[in-house]
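Everything numeric here is computed off the predicted structure, so don't read it as measured data.
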Amino acid sequence: MMIKGQTFVSVLLFVIFLVSIPFSTTFAAPPSSDSIYESFVQCFSDKTKSPQSQITDNVFSQTNPAFSSVLRAYIRNARFNTSSTPKPTIIVTPLSDSHVSAAVVCSNSLNFLLKIRSGGHDYEGLSYISDKPFFILDMSNLRDVSVDIAAQSAWISAGATLGEVYYGIWEKSKVHGFPAGVCPTVGVGGHISGAGYGNMVRKFGLSVDYVEDAKIVDVKGQILDRKAMGEDLFWAICGGGGASFGVVLGYKVKLVPVPETVTVFRVEQYMDSGAVDMVYKWQSVGPKTDPNLFMRMLIQPVTRKKVKTVRATVVALFLGRADEVVALLAKEFPELGLKKEVCEEMTWIQSALWWDNDENATQTDPKVFLDRNLDTASFGKRKSDYVASEMPRDGIESLFKKMIELGKIGLVFNPYGGKMAEVAVNATPFPHRNNLFKIQYSVNWKENSASIEKGFLNQAKVLYSFMTGFVSKNPRSAYLNYRDVDIGVNDHGTNSYKEGEVYGRKYFGENFDRLVKIKTTVDPDNFFRNEQSIPTLPNRFVYQLHVFTDFRFRF
């Protein structure tokens, strides 16, 4: 009996040891990349019922001459485009929904991470780098934009860019638009699933507020629409980040009405000529004025007449005529000093070009929105904050002095209010609607230098620390689509939930709890993961231990 008891204890300890090892761990030597590629192609061929000869043009191994160009095409941050950056073992560029389904099933069967990339505007590169063996699922070929003006809606594939969406709408109607971002090369999949916003956010709210349906490939490779996936999963991928739950194939969105004529303007002021007063007053006007008016505030350290100073710039879109916005701001915001001669009236599609820094927007053919500007990237870093109460005037003065001291890092203030404040914080996973404005910390550089990069990253951290007393607290909030690994990362080991909660609360507030429950239900083994994905519930581990210890009855 003693021997049997000791044997049982030994077996139980061995089982517990096995449970403590991550499922991806193997004691065997890793297979070669060639054998992995062959296994993947065979699986992909079987799942899609396609000859391998028809697949190889869309499944790239590292030895494929096109591998580097395919990888680099949608890298938008040059920090992750170096020789030392970890590379995927395989890149898959699906041409159909069934290709996506096969990619999921085959990646899972080979026990490889699957990074999902649409446009690549992922500030930390989490959609295309990893320190673990991984594949990339590049969605850029799935770019259909099907607009139905009679229904005032559109089906948009995840690999389409915002520029392609705007062009597709403009082709069908000159008085419809969609409330999304101002950068035309952003991919729809990441933008919408992360609660993308743009310069109509105060009038219409977020992009996810207009999603009517969606299609997703789940961990089993099933293609699900809203009815099939259920309202919980549909809710999660409308602001909680699609890559934690599956592969979003596309969204059906409701279009919004835009006037035939809109107005844009840009006003600059410097530290010694009214910038402090302008920024201070902007806080009480930008988030509270007419919802048709969106005034972004840019704050940048510059050198003017050989003197270091700060420039504050208001960049605005008004859904209406110039006379109307000039009269409005003469009353509400005299510190801006807006004159009609700096205002430009144009169509909505032309305003989208203007916001993309096209100075000749009224003469430019909107077809330029179809240009994806492949393999173009500068080095950069972004961080984010939310502001619930106005900064005092002396706080703005001290901010300007700190920015001059640092020398490069700039800020972007994006006003909320209007429609944003009318939507419940749990209507979507995005919880930050009741703030006055959002801050983006922004710094770019061109030099490929480790010391220069370290200096600029430090500037971002120092300014972020300086702003602590002026921004949200408990938790200090952040915006998912401005990915920032400084606020926490997850290695998906035994502390996955605790690690995920650190950044998860900052991105999602109390909505994090619902996201975790949905994640645990739809992807219990955490196949869809990245360094900042939604974790599964911790009692999942307890359940696994129970299953393995019950195995003792078979001895």
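In this structure, K254 places its NZ atom where more than 12 heavy-atom neighbours from other residues, nucleotides or ligands lie under 6.0 Å away. Residue Y270 places its OH atom among more than 12 non-hydrogen atoms of other residues, nucleotides or ligands, all under 6.0 Å distant. By the neighbour-count criterion of 12 heavy atoms within 6.0 Å, atom NZ of K174 is densely surrounded, having more than that number from other residues, nucleotides or ligands. Annotation: K461, atom NZ; neighbour count of heavy atoms from other residues, nucleotides and ligands within 6.0 Å does not exceed 12. In E359, the CD atom is not crowded: 12 or fewer heavy atoms of neighbouring residues, nucleotides or ligands sit closer than 6.0 Å.
To the nearest 0.5 Å, atoms CD1 (I349) and CD (E171) are separated by 10.0 Å. Separation of atoms CD1 (I404) and OG1 (T309) is listed at 5.0 Å; rounding is to 0.5 Å. To the nearest 0.5 angstrom, N530 atom CG is 11.0 Å from L114 atom CG. Here L255 contributes atom CG and S173 contributes atom OG; the two are 8.0 Å apart, rounded to the nearest 0.5 Å.
Inspection of the N444 and R382 side chains reveals an N or O donor paired with an N or O acceptor under 3.5 Å. At a cut-off of 3.5 Å, with distance as the only test, no side-chain donor of Y479 or Q440 sits close to an acceptor on the other residue. Side chains of D213 and Y251: no donor on one and acceptor on the other come within 3.5 Å. For the residue pair T82/T85, the side-chain donor-acceptor check at 3.5 Å is satisfied. No hydrogens or angles considered: nothing links the side chains of Q350 and T362 as a donor-acceptor pair under 3.5 Å. Remark: the D138 side chain and the S140 side chain contain an N/O donor-acceptor pair separated by less than 3.5 Å.
Geometrically, R117 engages Y128 in a cation-pi contact defined by less than 6.0 Å to the ring centre and at most 45° from the axis. In this structure, K419 fails the cation-pi test against F204, since its NZ or CZ atom is not both closer than 6.0 Å to the six-membered ring centre and inside 45 degrees of the ring normal.
Taking 4.5 Å as the limit, every side-chain heavy atom of V264 sits out of range of all side-chain heavy atoms of F318. Here the side chains of L436 and Y416 are not in contact, with every heavy-atom distance at 4.5 Å or above. Counting heavy atoms from C-beta on, the side chains of L162 and H191 come closer than 4.5 Å.
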Evaluate the criterion side-chain hydrogen bond (donor to acceptor under 3.5 Å, both in side chains) for residue pair Q532 and Y507; output intermediate values, then yes/no.
-> CA-CA 10 Å; Q532 286 193 336; Y507 286 139; 2.6 Å; yes

Does the side-chain hydrogen bond (donor to acceptor under 3.5 Å, both in side chains) test come out yes or no for T364 and D358, once each step is laid out?
-> CA-CA 8 Å; T364 301; D358 188 333; 2.8 Å; yes

Checking salt bridge (Lys or Arg N to Asp or Glu O under 4.0 Å) for the pair E531/R483: CA distance, chi angles, key distance, verdict?
-> CA-CA 10 Å; E531 291 77 1; R483 288 285 195 188; over 6 Å; no

Take M295 and V315 through the side chain to side chain contact (heavy atoms under 4.5 Å, CB included) test and state the conclusion after the steps.
-> CA-CA 6 Å; M295 294 187 291; V315 184; over 6 Å; no

Report the C-alpha separation of T161 and V188 in whole Å, then their side-chain angles, then the decisive distance to 0.1 Å, and conclude whether the side chain to side chain contact (heavy atoms under 4.5 Å, CB included) test is met.
-> CA-CA 6 Å; T161 65; V188 164; over 6 Å; no

Test ring pair (Phe, Tyr, Trp, His ring centres under 6.0 Å) on F413 and W282 and set out the steps.
-> CA-CA 10 Å; F413 291 1; W282 174 91; 5.7 Å; yes

Passes side-chain hydrogen bond (donor to acceptor under 3.5 Å, both in side chains), T93 versus N58? Steps please.
-> CA-CA 5 Å; T93 57; N58 300 99; 3.3 Å; yes

For D97 and V217, what are the C-alpha separation, side-chain angles and deciding distance, and is it a side chain to side chain contact (heavy atoms under 4.5 Å, CB included)?
-> CA-CA 8 Å; D97 294 355; V217 173; 5.8 Å; no

Please step through side chain to side chain contact (heavy atoms under 4.5 Å, CB included) for the pair D209 and L206, ending with a clear verdict.
-> CA-CA 5 Å; D209 298 332; L206 301 169; 3.7 Å; yes

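Between the side chain of R372 and the backbone N or O of P184 there is no donor-acceptor pair closer than 3.5 Å. Looking at T263, its side chain does come within 3.5 Å of a backbone N or O of A322 through a donor-acceptor pair. Judged by distance alone, with hydrogens and angles left aside, the side-chain atoms of Y167 form no donor-acceptor pair with the main-chain N or O of V368 at under 3.5 Å. Of the possible polar contacts, none joining the R79 side chain to the E124 backbone as a donor-acceptor pair under 3.5 Å is found. Distance alone, capped at 3.5 Å, places no donor-acceptor pair between the R296 side chain and the N199 backbone. Q269 places a side-chain N or O within 3.5 Å of a backbone atom of E335 that can act as its donor or acceptor partner. Remark: side-chain polar atoms of S477 are not paired, donor with acceptor, to backbone N or O of Y386 under 3.5 angstrom. Checking side-chain atoms of T289 against main-chain N and O of V285 turns up no donor-acceptor pair under 3.5 Å. Judged by distance alone, with hydrogens and angles left aside, the side-chain atoms of K115 form a donor-acceptor pair with the main-chain N or O of L126 at under 3.5 Å. Of the possible polar contacts, one joining the H432 side chain to the A478 backbone as a donor-acceptor pair under 3.5 Å is found.
Ring geometry for Y166 against F369 counts as perpendicular: the plane angle is over 60°, on a 0 to 90° scale with 30° as the lower cut. Ring geometry for F294 versus W355: interplanar angle of 30 to 60°, hence tilted. Between Y482 and Y123, the two ring planes are tilted [angle within 30° to 60°].
Comment: R76 does not engage D122 in a salt bridge, judged by the lack of any side-chain N to carboxylate O separation of less than 4.0 angstrom. Ion pair E268/R304 not flagged as a salt bridge, since none of the NZ, NE, NH1 or NH2 atoms sits closer than 4.0 Å to an Asp/Glu carboxylate oxygen. Of the charged side-chain nitrogens involved, at least one lies within less than 4.0 Å of a carboxylate oxygen, so that R226 and E231 count as a salt-bridged pair. The residues E422 and R433 are annotated as not salt-bridged, no charged nitrogen and carboxylate oxygen being separated by less than 4.0 angstrom. Using a cutoff of 4.0 Å between basic side-chain nitrogens and carboxylate oxygens, K401 and E405 are not scored as salt-bridged. Using a 4.0 Å cut-off between charged side-chain N and carboxylate O, E324 and R321 make no salt bridge. With respect to the salt-bridge test (charged N to carboxylate O, under 4.0 angstrom), the residues D385 and R476 qualify. Classification of K381 and D486 as a salt-bridged pair holds, one side-chain N sitting under 4.0 Å from a carboxylate O. Salt bridge R393/D277: present, at least one basic N to carboxylate O contact under 4.0 Å. Ion pair D225/K215 not flagged as a salt bridge, since none of the NZ, NE, NH1 or NH2 atoms sits closer than 4.0 Å to an Asp/Glu carboxylate oxygen.
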